Amino acid sequence: MDVTLQHEHAWDVSTGEAKALQKRLAPQVRAEPLPRAPQTVAGVDVSIRGDLAQAAIAVLRLPELEVVAEAVHRCDVPFPYVPGLLSFREMPALLPALRKLDATPDLFMLDSQGLAHPRRFGLACHFGVLLNVPALGVAKSRLEGERAGELSVEKGSRVALLDDDPGETIGAVVRTRDDTNPVYVSIGHRITLDEAVEITLQCSPRYKIPEPTRAAHKLSRKERE
DNA sequence: GCGACAG
DNA sequence: ATCTTGTCGC
C-alpha cells in the first residue's frame with residue numbers, strides 16, 4: 001500500500017527523546033467514528049528472535065476472516081525493549097512490510113496498547129497517526145489504568161479501563177471468549193472505543209470449545225484464586 | 001528507595 | 001517477546 005508518513009522523525013533516538021516525541025504527537029490522536037463499517041482488517045505483529053525482527057501483516061475480509069493479502073519484512077532489532085517505548089522497537093520493521101502489502105485495509109489491529117499508555121501514545125496510536133489510518137490496540141496485559149469493576153466470565157463482557165484524573169476512560173477490558181483471560185482494548189486513531197471493542201469481538205475465534213476442557217479450565221482457575 | 005512494567 | 005518444563009484433554 002501507499003505509505004506516506006504524516007510526521008517524519010528519527011527512530012534512532014534516546015529514551016528521553018522517544019518520550020518527548022510521544023508527548024508531542026499524542027495530541028494528534030483522534031477518537032472519531034469510522035467512515036463506514038470496515039470490510040477488511042489488518043492484523044499487525046512483530047516477532048523478535050535474537051537480533052532479528054520480523055514484521056508480519058495479514059489482511060482479512062470481514063465477517064468471514066478470510067486472508068486476502070499478507071506481507072512480511074525482516075530487519076535488525078533497532079531498539080531495546082522498554083515498557084512504554086514499544087513503537088521504537090517495532091515501527092521500523094512495520095513500515096517496510098506495509099510498503100510490500102498489496103492491499104489497503106480499512107483498519108489496523110495491533111497487539112499493543114493505543115491510548116491506554118502512560119503518555120497516551122502506545123504503538124497503535126503511533127502507527128495510526130503516522131500513517132493517518134484507523135487503528136486500534138489489543139494487548140494481552142495491562143500497562144496503564146485500572147479496571148472499573150469486576151469482569152464476568154462470559155464472552156462479550158467488558159469493563160472500562162480508567163486512569164486517575166476525573167476517572168478518564170482510556171480503554172476497555174474485554175472478554176473475547178468464555179472462560180479465557182480478557183484483553184485490553186484501546187483506540188489507536190480515527191476510531192471510537194466502542195467500535196474498537198466491537199471489531200475485536202468480531203475478529204475473535206468463535207469455534208466451540210469442547211465442554212470437558214471448559215469445565216477443567218473453570219476448575220483450575222477457581223483453584224488459583 | 002520500592003514496586004510496576006504493552007512486547 | 002522468547003525459552004522451558006509440566007499437565008491435561010482428545
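None of the values given here were measured: they were computed from a predicted structure. Numbered from 1 within each chain, the chains take letters A, B, ... in sequence-line order. Heavy atoms only: backbone and side chains are in, while hydrogens, waters and symmetry mates are out.
- Residues Arg175(A) and Asn181(A) have side chains that never bring a donor and an acceptor to within less than 3.5 angstrom of each other.
- Backbone-only contact: Ser141(A) has heavy atoms under 4.0 Å from sugar-phosphate atoms and none from a base.
- Residues Ser157(A) and Glu154(A) bring no donor and acceptor atom of their side chains to less than 3.5 Å of each other.
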If you look only at distance, which donor and acceptor atoms sit under 3.5 Å apart when one is on a side chain in residues 78-89 of chain A and the other is two or more places apart or in another chain?
from: Ser87(A); atom 1: OG; to: His126(A); atom 2: ND1; distance (Å): 3.3
from: Arg89(A); atom 1: NH1; to: Phe79(A); atom 2: O; distance (Å): 2.6

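- Reading DNA chain B from its 5' end, the first and the last nucleotide to sit under 4.0 Å from a heavy atom of chain A are dA4(B) to dG7(B).
- With a cut-off of 3.5 Å on both pairing distances, the Watson-Crick and G-U wobble pairs of DNA chain B never assemble into a stem of 3 or more.
- Salt-bridge formation is detected for the pair Asp163(A)/Arg120(A): a Lys NZ or Arg NE/NH1/NH2 atom is positioned less than 4.0 Å from an Asp or Glu carboxylate oxygen.
- A side chain to side chain contact (heavy atoms under 4.5 Å, CB included) with Met109(A) is found for exactly one of Asp45(A), Val185(A), Ile199(A), namely Ile199(A).
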- Could you summarise the pairing of DNA chain C as dot-bracket text, marking Watson-Crick and G-U pairs under 3.5 Å with ( ) or [ ] inside the strand and | across strands? ..........
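- Formation of a donor-acceptor pair under 3.5 Å by the Gln113(A) side chain with backbone atoms of Ser141(A) is found in this model.
- In this structure, Leu110(A) reaches neither bases nor backbone, as no heavy-atom distance under 4.0 Å exists between it and the strands shown.
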- Query: Which letters describe nucleotides 1-7 of chain C, given B = protein heavy atom under 4.0 Å from base, S = only from sugar-phosphate, - = neither?
  - Reply: SS-----
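- Within the structure, no pair that satisfies the salt bridge (Lys or Arg N to Asp or Glu O under 4.0 Å) test touches residues 126-152 of chain A, not counting sequence neighbours.
- Around the CZ atom of Arg99(A), the shell of radius 6.0 Å holds more than 12 heavy atoms that belong to other residues, nucleotides or ligands.
- Under a 4.0 Å N-O distance rule, the pair Arg36(A)/Asp106(A) qualifies as a salt bridge.
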- Criterion side-chain contact (heavy atoms from CB on, under 4.5 Å) on Val197(A) and Arg158(A), from CA distance to verdict: CA-CA 9 Å; Val197(A) 169; Arg158(A) 55 175 283 194; 3.9 Å; yes
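- Taking the side chain as every heavy atom from C-beta outward, Leu131(A) and Leu98(A) approach each other to under 4.5 Å.
- The pair Lys100(A)-Glu70(A) does not count as a salt bridge, with every side-chain nitrogen at least 4.0 angstrom from each carboxylate oxygen.
- Taken to the nearest 0.5 Å, the OG atom of Ser14(A) stands 10.0 Å off from the NZ atom of Lys19(A).
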